[in-house]
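Everything below concerns the one structure shown next.
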Amino acid sequence: MKKGLLIFAFIGLTLGVLLATTWRTEKIKCQICNKKNKFQVISSYGNYIYDWPEKLEYIYWPTTETYSLYTCKKCNYSAFMWDFKKTFGKDTLEIIKNELPKLKLSASSYNDKMTTKLESAELIYQLYNDDPDFWCKFHRIKAYHYDAEGNTKAAETERLKALSIADSLAAIPSNVYRKKELLLITSSMKHFTQQDSAALVDIHMALSMFYMDTTMTSAGNSNFNAYLDEVLNELKQKVNNSK
């Protein structure tokens with residue numbers, strides 16, 4: 001009996017290690033003010049992150065962790081880790097440098113809670129990023145973290161913003177190839193804002209479609225389509241179980 005328990009415990013520990021995500025500390029220079037900050041950077045992860053529960057909101061680790069959003073302790077510039085390290089063009093850099101001191105930023109530390117950092121990052125991203133796909137995802141991420149903090153009203157507001165953007169994207173003729181993906185987003189946001197009947201309509205419509213991006217290989221499209229089906233069916237089950 002004890003041997004069996006030890007084997008079970010070992011298996012559980014092994015799976016925990018295999019499914020782990022790890023971070024390490026690095027010094028990273030802020031390109032806005034040149035201050036070196038100590039931030040966490042990713043050491044390891046695996047494809048298993050795409051099967052974690054947040055996939056039903058069509059967001060993925062590491063955006064679900066506070067480590068993923070950096071805030072400079074000197075100038076308070078905030079951005080996702082991949083954007084913080086990105087080199088800006090001269091014009092964009094000047095815009096940020098000139099406008100940053102004028103913004104009412106709530107975040108002043110990397111250790112601030114995620115929603116506080118996201119609120120600051122939103123004001124900064126608005127200076128130079130007008131990509132609707134980015135903002136659709138940003139609002140979903142923000143909603144996830146508001147929800148995690150128990151602020152359901154703010155989470156709903158963010159999800160409705162994401163829903164509106166996804167609906168707009170789905171209405172663009174050139175996005176017809178990715179309509180299935182966009183319907184996953186709209187159905188998700190409808191479910192998480194208590195619109196389950198409408199969510200099911202979008203889910204059924206999405207499941208009848210095939211994702212087809214001409215820039216991807218046939219195998220790539222098939223694999224991605226299968227993944228979307230998996231998430232849609234799991235979301236469908238969640239919606240039906242919530243009735």
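In this text the structure is predicted, and so the values were computed from the model without any measurement.
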query = What closest approach, in Å, do E65 and H145 show between heavy atoms, and which atom pair accounts for it?
reply = N-CE1, 4.1 Å
task = Examine distances only and state if a side-chain atom of D147 and a backbone atom of A143 form a donor-acceptor pair shorter than 3.5 Å.
result = no
ask   = Is atom OH of Y177 surrounded by more than 12 heavy atoms (other residues, nucleotides or ligands) closer than 6.0 Å?
value = yes
request  = Measure the shortest side-chain to side-chain distance between L200 and N240 over non-hydrogen atoms and say whether it is less than 4.5 angstrom.
outcome  = yes
Value rounded to 0.5 Å, distance of CD1 in I49 from CG in N47 = 7.5 Å
key: Over 12 non-hydrogen atoms of neighbours within 6.0 angstrom of NZ in K161   = yes
key: CA sep, side-chain torsions, deciding dist, call: K55, E230, side chain to side chain contact (heavy atoms under 4.5 Å, CB included)   = CA-CA 10 Å; K55 70 183 180 182; E230 177 187 325; 3.4 Å; yes
request  = Would you mind reporting whether T157 and Y146 have side-chain heavy atoms less than 4.5 Å apart?
outcome  = no
request  = Kindly indicate whether the side chain of R24, heavy atoms from C-beta on, has any atom under 4.5 Å from the side chain of V41.
outcome  = yes
request  = Identify the heavy atoms of C136 and A162 that sit nearest to each other, and give their distance.
outcome  = SG-O, 3.4 Å
query = Which word best sums up how the rings of Y50 and Y227 line up, parallel for under 30°, tilted for 30 to 60°, or perpendicular for over 60°?
reply = perpendicular
task = Find the distance between CG (L163) and OG (S187) and round it off to the nearest 0.5 Å.
result = 10.0 Å
inquiry  = Does any part of the side chain of L228, heavy atoms only, come nearer than 4.5 Å to the side chain of Y58, both counted from C-beta?
reply    = yes
query = Under 3.5 Å, is there a donor-acceptor pair between the side chain of N225 and the main chain of N221?
reply = no
query = Hey, is the main chain of L184 close enough, under 3.5 Å, to the side chain of S188 for a donor-acceptor pair?
reply = no
query = Do M212 and L182 belong to the same hydrophobic cluster, where Ile, Leu, Val, Met, Phe, Trp and Tyr are linked whenever their side-chain heavy atoms lie under 4.5 Å apart, directly or via other members?
reply = no
ask   = Taking the side chain as C-beta and beyond, is there a heavy-atom pair between Q40 and M81 under 4.5 Å?
value = no
message = Using a 3.5 Å distance criterion without hydrogens, assess whether the side chain of S120 forms a donor-acceptor pair with backbone atoms of A107.
response = yes
Backbone N/O of M209 and side chain of K180: donor-acceptor pair under 3.5 Å = yes
message = Nearest 0.5 angstrom please: L232 CG to E181 CD, how far?
response = 10.5 Å
query = Got a second to check how far L183's CG is from D167's CG, nearest 0.5 Å?
reply = 9.0 Å
request  = Start with the C-alpha distance between K153 and E156, add both sets of side-chain angles, then the distance that settles salt bridge (Lys or Arg N to Asp or Glu O under 4.0 Å), and finish with yes or no.
outcome  = CA-CA 5 Å; K153 185 175 181 180; E156 180 169 331; over 6 Å; no
message = Set out, in order, the CA-CA distance, both residues' side-chain angles and the distance that settles side chain to side chain contact (heavy atoms under 4.5 Å, CB included) for I185 and L169, then state yes or no.
response = CA-CA 11 Å; I185 296 172; L169 287 168; over 6 Å; no
query = Linking I/L/V/M/F/W/Y whenever their side-chain heavy atoms sit closer than 4.5 Å, directly or via other members, would I141 and Y70 fall into one cluster?
reply = yes
ask   = Hey, what do you get for CG (L69) to OG1 (T63), rounding to the nearest 0.5 Å?
value = 10.0 Å
query = Is H204 close to K236 at the side-chain level, that is, under 4.5 Å between some pair of heavy atoms?
reply = yes
inquiry  = With clusters defined by side-chain heavy atoms of hydrophobic residues (ILVMFWY) lying less than 4.5 Å apart, directly or transitively, does V239 cluster with M205?
reply    = no
inquiry  = Could you walk me through whether D112 and T71 satisfy the side chain to side chain contact (heavy atoms under 4.5 Å, CB included) test, starting with their C-alpha distance in whole Å, then the side-chain angles of each, then the deciding distance to 0.1 Å, before giving a yes or no?
reply    = CA-CA 9 Å; D112 285 340; T71 295; 5.5 Å; no
ask   = Between T116 and S106, is there a donor-acceptor pair closer than 3.5 Å when you use the side chain of the first and the backbone of the second?
value = no
task = Using distance alone, with no hydrogens and no angle criterion, decide if Y77 and Q31 have a side-chain donor and acceptor under 3.5 Å apart.
result = no
ask   = Given L103 and N76, is the side chain to side chain contact (heavy atoms under 4.5 Å, CB included) satisfied, shown in steps?
value = CA-CA 10 Å; L103 299 177; N76 299 343; over 6 Å; no
query = V231 and L56: which non-hydrogen atoms are nearest, and at how many Å?
reply = O-CD2, 3.8 Å
query = Side chain of S68, backbone of P62: donor and acceptor closer than 3.5 Å?
reply = yes
message = Using a 3.5 Å distance criterion without hydrogens, assess whether the side chain of K117 forms a donor-acceptor pair with backbone atoms of Y110.
response = yes
inquiry  = Working to the nearest 0.5 angstrom, can you tell me the gap between N151 CG and E158 CD?
reply    = 9.5 Å
key: Flag for T22-S44: side-chain donor and acceptor within less than 3.5 Å   = yes
ask   = Are T21 and I42 close enough that some pair of their side-chain heavy atoms sits under 4.5 Å apart?
value = no
query = Does K85 NZ have over 12 foreign heavy atoms under 6.0 Å away?
reply = yes
Residue among W23, W61, F84, F80 satisfying ring pair (Phe, Tyr, Trp, His ring centres under 6.0 Å) with Y67 = W23
inquiry  = Between S222 (side chain only) and A219 (backbone N and O only), is there a donor and an acceptor less than 3.5 Å apart?
reply    = no
Check: E26 and F39 side chains under 4.5 Å, non-hydrogen atoms = no
message = For L160 versus Q195, what's the shortest heavy-atom pair and its separation?
response = CD2-NE2, 3.9 Å
task = Return the minimal non-hydrogen interatomic distance between N37 and K35, and the atom names on each side.
result = ND2-O, 3.1 Å
ask   = Minimum heavy-atom separation for K238 to F192, with atom names?
value = CE-CZ, 3.9 Å
ask   = When you measure from the side chain of D202 to the backbone N and O of A199, does any donor-acceptor pair fall under 3.5 Å?
value = no
request  = Following the transitive rule for hydrophobic clusters with a side-chain heavy-atom cut-off under 4.5 Å over Ile, Leu, Val, Met, Phe, Trp and Tyr, establish whether L235 and V201 coincide in one cluster.
outcome  = no
key: ILVMFWY network linking V176 to M216, side-chain heavy atoms under 4.5 angstrom   = no
key: Residue from H191, K137, R159 passing side-chain hydrogen bond (donor to acceptor under 3.5 Å, both in side chains) with E57   = R159
